[in-house]
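Every value quoted in this text rests on a predicted model; they were computed, and no experiment measured them.
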Amino acid sequence: MAGLGKVKSVAVYGIEAYVLEIEVYVAKGQLPSTVVIGLPDAAVKECRDRVKAALKNCGYKFPLKNITINLAPADRKKEGPSFELPIAMGFLIATNQIKTDKINEYGIAGELALDGRVRRVNGCLSMANKCKEAGLKGLILPADNASEAAIVEGIDVIPVK
């Protein structure tokens, strides 16, 4: 059984923030594999193992399947670890381990530790401004970044650990 999870994220490239969509497609295949597409740098490609370990250490299932992670738009370079939390959320949605109908009203950013903790990321003030500009309701981000993002009025800042 295949599943697709879609979430929004916010990235910073230089000093400019932009909203992107992260799609996680999980399908049964002969050999399990995970690929990340959409112009990821080495740090983004490495997220596969951190996301898997973090989810397993938080009690979620990580089935041996073919997983394709698409970071759109594909023509913009993606850098750093801030995509790990949204990729994990997309995976949980694709595998029906969580259900939410309002997740795409929020941008999501955060690095994951192997034990599932959410670590701080750079550029959250720019991310919060971009969420507001894009008409998103808010930003889900590491608790350590919440005070920085909360400077922007008019959006919800949801800190996670």
Side-chain angles (χ1 to χ4, degrees), residues 2-26 34-41 43-48 50-52 54-55 58 60 62 67-113 116-161:
L4 177 65
K6 293 182 183 183
V7 298
K8 290 194 181 343
S9 186
V10 189
V12 177
Y13 188 71
I15 59 168
E16 179 190 352
Y18 63 96
V19 175
L20 65 145
E21 184 173 65
I22 295 180
E23 301 169 302
V24 180
Y25 180 67
V26 179
T34 303
V35 296
V36 182
I37 57 176
L39 222 53
D41 72 355
V44 177
K45 288 180 183 177
E46 290 173 357
C47 78
R48 297 177 295 205
R50 280 190 296 275
V51 169
K52 180 179 180 179
L55 289 172
C58 288
Y60 292 103
F62 200 93
I67 302 167
T68 303
I69 301 163
N70 183 40
L71 310 173
D75 63 345
R76 296 194 78 165
K77 187 168 177 140
K78 318 310 183 294
E79 297 181 329
S82 66
F83 304 107
E84 294 171 5
L85 180 60
I87 287 170
M89 296 293 292
F91 176 81
L92 293 173
I93 292 166
T95 56
N96 293 315
Q97 294 184 71
I98 62 170
K99 293 187 190 295
T100 177
D101 58 347
K102 297 188 182 210
I103 196 73
N104 282 308
E105 295 177 7
Y106 294 87
I108 306 170
E111 177 182 351
L112 295 177
R117 288 177 294 120
V118 182
R119 293 185 170 145
R120 99 176 342 274
V121 294
N122 295 326
C124 286
L125 181 58
S126 295
M127 290 178 189
N129 275 321
K130 182 51 83 175
C131 284
K132 182 177 182 178
E133 183 182 300
L136 294 175
K137 190 171 182 178
L139 180 59
I140 300 168
L141 73 170
D144 290 342
N145 291 111
S147 60
E148 176 186 353
I151 293 171
V152 177
E153 295 181 7
I155 64 164
D156 297 334
V157 174
I158 301 174
V160 294
K161 292 184 177 190

Item to check | Shortest non-hydrogen contact from C47 toward V36 | outcome: SG-CG2, 4.4 Å
Checklist entry - Mind checking whether I98 and M89 have side chains closer than 4.5 Å, heavy atoms only? => result yes
Checklist entry - Sub-3.5 Å donor-acceptor pair from the side chain of S9 to the main-chain atoms of I108, do we have one? => result yes
Checklist entry - Roughly how far apart are Y106 OH and I158 CD1, rounded to 0.5 Å? => result 4.5 Å
Checklist entry - Can you find a pair of side-chain heavy atoms, one from L4 and one from E23, that are under 4.5 Å apart? => result yes
Item to check | Rounded distance [0.5 Å steps], CD1 in I140 versus CG in D156 | outcome: 9.5 Å
Checklist entry - Are L141 and V160 close enough that some pair of their side-chain heavy atoms sits under 4.5 Å apart? => result no
Item to check | Minimum side-chain heavy-atom gap L20-P73 below 4.5 Å | outcome: yes
Checklist entry - Taking side chain as C-beta onward, heavy atoms only, is L71 less than 4.5 Å from L39? => result no
Item to check | Closest non-hydrogen atom pair, V44 against G80 | outcome: CG2-O, 3.2 Å
Checklist entry - When rounded to the nearest 0.5 angstrom, what is the spacing between CZ in R119 and CD in E84? => result 9.0 Å
Checklist entry - Where is the tightest heavy-atom contact between P86 and V7, given as atom of each residue plus distance? => result O-CG2, 3.3 Å
Checklist entry - How long is the gap from CD on E16 to CZ on R76, to the nearest 0.5 Å? => result 4.5 Å
Item to check | Flag if over 12 foreign heavy atoms under 6.0 Å of OH, Y60 | outcome: no
Checklist entry - Nearest 0.5 Å, what's the CD1-CG distance between I87 and L92? => result 12.0 Å
Checklist outcome for this item: Nearest heavy-atom contact between A146 and P159 is CB-CB, 3.8 Å
Next on the checklist: With side chain to side chain contact (heavy atoms under 4.5 Å, CB included) as the criterion, how do L112 and V118 come out once you've worked through the C-alpha distance, each side chain's angles and the decisive distance to 0.1 Å?
Outcome noted: CA-CA 5 Å; L112 295 177; V118 182; 4.0 Å; yes
Item to check | Closest non-hydrogen atom pair between K78 and G38, with its separation | outcome: NZ-O, 2.6 Å
Next on the checklist: Would you compute the distance between atom CG of D41 and atom OH of Y13 and round it to the nearest 0.5 angstrom?
Outcome noted: 9.5 Å
Checklist entry - Does the side chain of I69 reach to within under 4.5 Å of the side chain of F83, using non-hydrogen atoms? => result no
Item to check | Residue pair L136 / I155, side-chain heavy-atom distance below 4.5 Å | outcome: no
Checklist entry - For the residue pair N122 and V12, what are the closest heavy atoms and their distance? => result O-CG2, 4.4 Å
Item to check | N129, CG atom: more than 12 neighbouring heavy atoms under 6.0 Å | outcome: yes
